[in-house]
Amino acid sequence: MLPSFYQQILEKYLSNRQLITLKMLVWGLQIQKEVRIGRLGANLPLPIQENSRLLIYKD
């Protein structure tokens, strides 16, 4: 996960929800050998517009 030094600093600037999302993103990047932006956007509960997803999937 995140080193405690970074986590302490990020806790000052990010909300709890943002910090959890960042931790999930870092965890996902650490365990995956290849990450596609489209797959990441499809699986994260973030408000991504449909037009943006379509452009990502054309890669």
Please confirm whether the backbone N or O of S15 pairs with a side-chain atom of Q18, one donor and one acceptor, at under 3.5 Å? yes
In Å and rounded to the nearest 0.5 Å, what is the [atom1] to [atom2] distance from [X] to [Y]?
{"X": "I9", "Y": "L14", "atom1": "CD1", "atom2": "CG", "result": "11.5 Å"}
{"X": "L10", "Y": "K23", "atom1": "CG", "atom2": "NZ", "result": "9.5 Å"}
{"X": "Q7", "Y": "L22", "atom1": "CD", "atom2": "CG", "result": "9.5 Å"}

